[in-house]
Amino acid sequence: MCGIVGLLIKKEPLRVHLGEWMVPMLIGMTERGPDSAGLAIFSKSLPVGQHKISLYSGLTTDGADFNWTGMRHHADETLGISSTIQHSDNHAILTFVGNPELVKRWIHEHYPAVHILSTGSSIDLFKDVGSPAAVASRYRLDLLQGSHLVGHTRMATESAVTPDRAHPFTAGEDFCLVHNGSLSNPYGIRRMLESHGIHFDTDNDTEAACRFLEWRLREGDTLEEAIQKSFTELDGFFTFLMGTANQLALIRDPFACKPAVVAETGDYVAIASEFRSLAHLPDIQNAHIFEPAPEEMYVWRI
Amino acid sequence: MENIKFDLQTTSVREINKFLHHEIAEGTVPRIIIEHPDGAHNIAAGLNVNCEVEIRGHVGYYAAGMNQHASVLIAGNAGTGVAENMMNGRVHVRGFASNSAGASAHGGLLIVDGDAGLRCGISLKGGDIVVGGSVGSFSAFMAQAGRMVICGNAGDALGDSLYEAVVYVKGHIKSLGADARIEDMTADDHQALESLLNQAGVSYSMHRPSDFKRIASARNLYHWNADANQEY
């Protein structure tokens, strides 16, 4: 099972509604994915040189009471950076000027229980265990603003129900992926990528797909080229929805085992596993609604 | 007698289906109208009374599945498995239908005005399906009895492992499945097609039976051949 949702708002003035329009989409997919939920939201890029890292403290002993400000001061002192932190509950976004790889390594060393959710200059990522409605209200996802997002509701089949195994998965910067389905060769992909020095955070099959695609992008492939390679390398059932700083991309396996439906108007492109997650959207009666074909690549740009 | 109207924003699918199953007798209600389906699953499934149901919008999975006697009009798109396992009656989708439309239908007529997804008519057991648009890959897979009319194109592996069902295609066939072959149209085929297109409605009168190809089983898979080396 699992449910996926995606939303890209075409018109700048409407982007304040991104979170508000998306939360019912996410909740609409509760029956497909009741155990965890998450989303990655993309908004205007930070000024050149600035980066942000989304962090999760639910796996630390302090949980939601984690001392985020203390961690920020500690980072500033030892790394010689000047950072800001915005936090709520288990979630924080650390923004700074500096090398994100160094900052991430520092967090791994000094705060190994803090989970790094995403890195980039445009992406913020939220995910946790619990029903989609509970996760949405816990992190006030309805208040989020931005140009596009990908979201996921999970019914775990391939690995345990934990926050780090919830979707979206990310790799590199400003890239994320959600998955409905299951892969049959994730360990083969994983061994191949590990031989290139790529590190994995979990034993989840989707992480293998996510790291494969990000590796191809880093090797210089366009998103379209990377996706084309995934059709030959990845075996299994999948509908994948991917987000980058300025694109949403959707693909389905050749047997179209996992569903997807798209609704497009002059204002937005909305994607969901099923229409019931799209029914509430404005002007849906006049939207162009279609089912994406298997093995076709659908890419929307902001 | 007045039409009966339900609104799925205020009434649950379970309540509406309960009404349709237990609280109407044949000929007592001219038409049951269901508004705001909004993609809900199992709407009007298992109808065992001869009645007319109109669903105004897009439906989710298994709409009008296991239909026994009703005539169901879906004025919108249908999710996976519309009219699956239909026994009799009529189901008409005005928009497109997702995967496995009419799967395993034993009788009745399914009409899809738009495209149908993959595996349309899989394991068909005697029902008839008319698709105004195109069908996806693996349609009519292992279809045992019944007829399928495709006014558009067909995807890969059409009619793979067909038994005695017959498929008529007007457009392009991307590829035929194992043991499916194109055969000459007979006078009986012309008559059958004419009748199915008529039953599907006036908008299908634009199609002429002579423009269709007949696809049926070569029956080579009926008996296992140890020398075939898995190549069929």
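Within every chain, numbering begins at 1; the chains are lettered A, B, ... in the order of the sequence lines, protein sequences first and strands thereafter. Note that the structure is a prediction, hence the values are computed from the model and not measured.
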Asks: What I want to check is whether the side chains of A/Y139 and A/D128 have a donor and an acceptor closer together than 3.5 Å.
Replies: yes

Asks: For B/D38, is it the side chain, the backbone, both, or neither that has a heavy atom closer than 4.5 Å to a heavy atom of chain A?
Replies: both

Asks: Is chain A contacted by the side chain of B/H41, its backbone, both, or neither, given a heavy-atom distance below 4.5 Å?
Replies: side chain

Asks: Between B/D7 and B/K5 (salt bridge meaning N to carboxylate O under 4.0 Å), is one present in this structure?
Replies: no

Asks: Hey, are A/E233 and A/R211 close enough for a salt bridge, meaning a charged N less than 4.0 Å from a carboxylate O?
Replies: no

Asks: For A/Y268, is the NZ or CZ atom of A/K11 found under 6.0 angstrom from the centre of its six-membered ring and inside 45 degrees of the ring axis?
Replies: no

Asks: Is it the backbone or the side chain of A/P254 that comes under 4.5 Å from a heavy atom of chain B, or both, or neither?
Replies: backbone

Asks: Is A/I284 close to chain B through its backbone or its side chain, or both, or neither, when contacts mean heavy atoms under 4.5 Å?
Replies: neither

Asks: Which atoms of B/S98 come close to chain A, meaning under 4.5 Å heavy atom to heavy atom: side chain ones, backbone ones, both, or neither?
Replies: both

Asks: Where on A/E274 is there a heavy atom nearer than 4.5 Å to chain B: the side chain, the backbone, both, or neither?
Replies: side chain

Asks: May I ask you to decide whether B/E15 forms a salt bridge with B/K18, counting only side-chain N to carboxylate O separations under 4.0 Å?
Replies: no

